[in-house]
Amino acid sequence: MNAELRSLRTEAETALAESFAAARNSLPGSATVKAARERAFAAFEGKGLPHRRTEPWRYTDLRALLRTVPPRAAGAAAATALPADPLPGLDRARIVVVDGVWRPELSDLAGLDGVTVTATERLLAEGDERLGGQAGRLDDAMVALNTALMAGGVAIDVPAGVDINRAVEIAHVTTGAVATYVRNHIWVGAGGSLRVLETFVGADAAYQANVVTEAVIGDRAKVIWAKLQAEAASSVHIGTLAASIGAEAQFDHLTLMTGAALSRSQSFVSFGGEFARAGLFGATMVGGRQHADIMLGVDHAVPNGASRELFKAVMDGRAEGIFQGRIVVRPGAQKTDGRMMTQGLLLSEEATFSVKPELEIFADDVQCAHGATSGQIDEDMLFYLLARGIPRAEAETLLVTAFLAEAIEGLGDEAIGEAFEVVARDWLARRGRMVAP
Amino acid sequence: MLSIKNLHASIDGREILRGIDLEVPTGQVHAIMGPNGSGKSTLSYVLAGREGYDITDGSILFDGEEIVETPAEERAAKGIFLAFQYPLEIPGVATMTFLKAAMNAQRKARGETELTTPDFMRRVKTSAEKLNVTQEMLRRPLNVGFSGGEKKRNEILQMALLEPKLAILDETDSGLDIDALRVVSDGVNALRSPDRSMLVITHYQRLLDHIVPDVVHVMAAGRIVRSGGPELALELEANGYADYVGAAA
Ligand SMILES: Nc1ncnc2c1ncn2[C@@H]1O[C@H](COP(=O)(O)OP(=O)(O)O)[C@@H](O)[C@H]1O
Ligand SMILES: [Mg+2]
């Protein structure tokens, strides 16, 4: 027992080191990219997998939870039968990414006139200088691991002033027990607008998806961004969004977490220009032995920014829900307005919800607040519905849907909101069938 | 219709109903009056099937059937309706969604077909107009932002739509001004029928000027201590509950 303890690798860490050693020469990218991979892997090795003494990961001890790591996905799976549409009825363009590889023949890019969609592979080969601009700011072992091994994904480039009305989805599909390290980019130029979805589904297999999406949202741009994490039951999902938003931009972001055995969704949003507004919303619905962790970092680096954070979590069975939110107001970021609220609803006595909100304020003329509540379904409300003859499962569904609705509607996009509410109701209906006698 | 015998109920080990005997025949309206804290609301909750009470003794027969163990939602489907003393505000649940869910759930439980949307809308519109429940109220989340009087009117709207066999009205008059009291009473009176019974719980006699009961019971300290005709209400109004509070304790 000494300082050398760190050098004892876990089985998963060993597998990752072997994976990188085997792939380092064949991974895509220019010389600059290759050098960045080496630096990133060295950084990852230095830290190892996050563990309970890694403060931002204290509730998700990957060193303990991640026993093994499957092999890296080796190119596109031949399978063309995609899992059922996770958002039926929602009109949107789809960029389908199977095991990390963009499959244009499965995609539908109609309605994206003026927008460029490029495979990440090409940007890596070209050494596009925008790569890593956002993720590079983060000090996070899993982001570093993604940088070291990144392969696959797409870049969506919306030039200045281009207003795209049709929603566009990056649909991530994993077909077997592989590890993926997808890297996406979304660039929205000044005054542009975009409605974007990231969805995650997969075949019933113990896959591990580590995805990083970098976003640069220009001045006065307007972006609606919804993420649906509906991964397969035995999978691991580690997703990171690293975004910066320009002056007077509006950014609304909703994360719905319902799948995966172990999931962590991180959103880091940095205010790069004044008078920008960000709405960050979350709805988690987990049960069984699922572990779902949301990490939010909001960096008010400039004055006059406003952010609203509302995260709701419904936990059933023995699920563990976690929300960590950190709002930083940098020196000089006066008139910042930040309000963070977290609410947990426990449907079972064995479910847990851990919340760690943090405000770090280095400016004096700001309005910031945070609050958190956690509780069960309100017995009085439930009785009111039962007394009208509404069966218990249906009454609970009404109350839980109502609980989540505030966060889902916060996104401010009716069509996407409705599609996500259907996902919530389906989850509750499955739960209802499980608890019914 | 309703036959309660020697009903004892306690909560957290404290006995609140201490031997209630009450018969409400089909088609009759009975009033229960009594001082605050005598157990009137508790009786209404126990009849509606709220959890959390220990029924330590006695029975509740509804249409001849023991319902002490029957869950609340099944009692509602059998035709028991409780108008709450304090109707709940339920943010995020639209009033119309709630009304439709309740009506269809009860129909389903009774083996009837679900209402079509036009049929449902028509029924709500007809009943709502009679009770001055506006379209704007119906568009709001259930009871959210409703005044006391609006909530009570919404309770009677639900009663009208659900057409129960037994309606229990718990202090439906409290918080109502004289005009609202008239609207609510007219709504209730319109629902009086030879095959519907009502149990009207009130603290004050004035509601009974509008909804004239067949029988008046006095409840004190968890028991029915006296029963009589409508004139009993007037006597209570004149003399207050002082006699009963002392006697029953
Ligand atoms: N949930 C409860 N827990 C403990 N005591 C209660 C509860 N509800 C009611 N009581 C008590 O039971 C008694 C009767 O209450 P209630 O039925 O509301 O009377 P009423 O409606 O006649 O005013 C009161 O003393 C009240 O404090
Ligand atoms: Mg009462």
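Chain letters run A, B, ... following the sequence lines, proteins first, then strands; residues in each count from 1.
In this structure, B:Tyr86 and A:Asp380 have side chains that are not in contact, with every pair of non-hydrogen atoms separated by 4.5 Å or more. Side chains of A:Leu382 and B:Arg50 form no contact here, defined as non-hydrogen atoms less than 4.5 Å apart.
In this structure, A:Lys222 places its NZ atom where only 12 or fewer heavy-atom neighbours from other residues, nucleotides or ligands lie under 6.0 Å away. No more than 12 heavy atoms of other residues, nucleotides or ligands shown are found within 6.0 angstrom of CD on A:Glu349. With a 6.0 Å radius and a threshold of 12 heavy atoms from other residues, nucleotides or ligands, B:Glu51 has its CD atom at or below the threshold. By the neighbour-count criterion of 12 heavy atoms within 6.0 Å, atom CG of B:Asp195 is densely surrounded, having more than that number from other residues, nucleotides or ligands. Within 6.0 Å of CZ in B:Phe120 there are more than 12 heavy atoms belonging to other residues, nucleotides or ligands. Around atom CZ of B:Arg110, more than 12 heavy atoms belonging to other residues, nucleotides or ligands sit under 6.0 Å away.
Within residues 95-104 of chain B, the residues that have a heavy atom under 4.5 Å from a heavy atom of chain A are B:Thr97, B:Phe98, B:Ala101, B:Ala102, listed by number.
Looking at B:Ala48, both its backbone and its side chain come within 4.5 Å of chain A, counting heavy atoms on both sides. For A:Ala387, the parts lying under 4.5 angstrom from a heavy atom of chain B are both the backbone and the side chain. B:Pro141 does not touch chain A: none of its heavy atoms, backbone or side chain, sits under 4.5 Å away.
The pair B:Lys108-A:Glu394 does not meet the salt-bridge criterion, since no charged nitrogen lies less than 4.0 angstrom from a carboxylate oxygen.
Between the side chain of A:Glu406 and the main chain of B:Gly92, no donor-acceptor pair closer than 3.5 Å is present. The backbone N or O of B:Pro71 lies less than 3.5 Å from no partner atom in the side chain of A:Arg392, so there is not a single donor-acceptor pair.
The two atoms that bring A:Gly389 and B:Ala105 nearest to each other are O-CB, 3.2 Å, heavy atoms only. The nearest pair of heavy atoms linking B:Glu89 to A:Met381 is O-CE, 3.5 Å.
Taken from CD1 in B:Ile90 to CG in A:Asp378, the straight-line distance is 8.0 Å, to the nearest 0.5 Å. Considering CG of B:Leu88 and CD of A:Glu379, their distance stands at 11.0 Å, rounded to 0.5 Å.
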Quiz item: After noting the C-alpha distance and the side-chain angles of B:Phe84 and A:Phe383, does the key distance pass the ring pair (Phe, Tyr, Trp, His ring centres under 6.0 Å) rule?
Solution: CA-CA 11 Å; B:Phe84 283 59; A:Phe383 174 62; 5.5 Å; yes

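Most heavy-atom pairs under 4.5 Å with chain B: of the set A:Leu404, A:Leu398, A:Ile390, this distinction falls to A:Ile390. When each of A:Pro391, A:Ala402, A:Ala395 is checked for heavy-atom pairs under 4.5 Å with chain B, A:Ala402 comes out on top.
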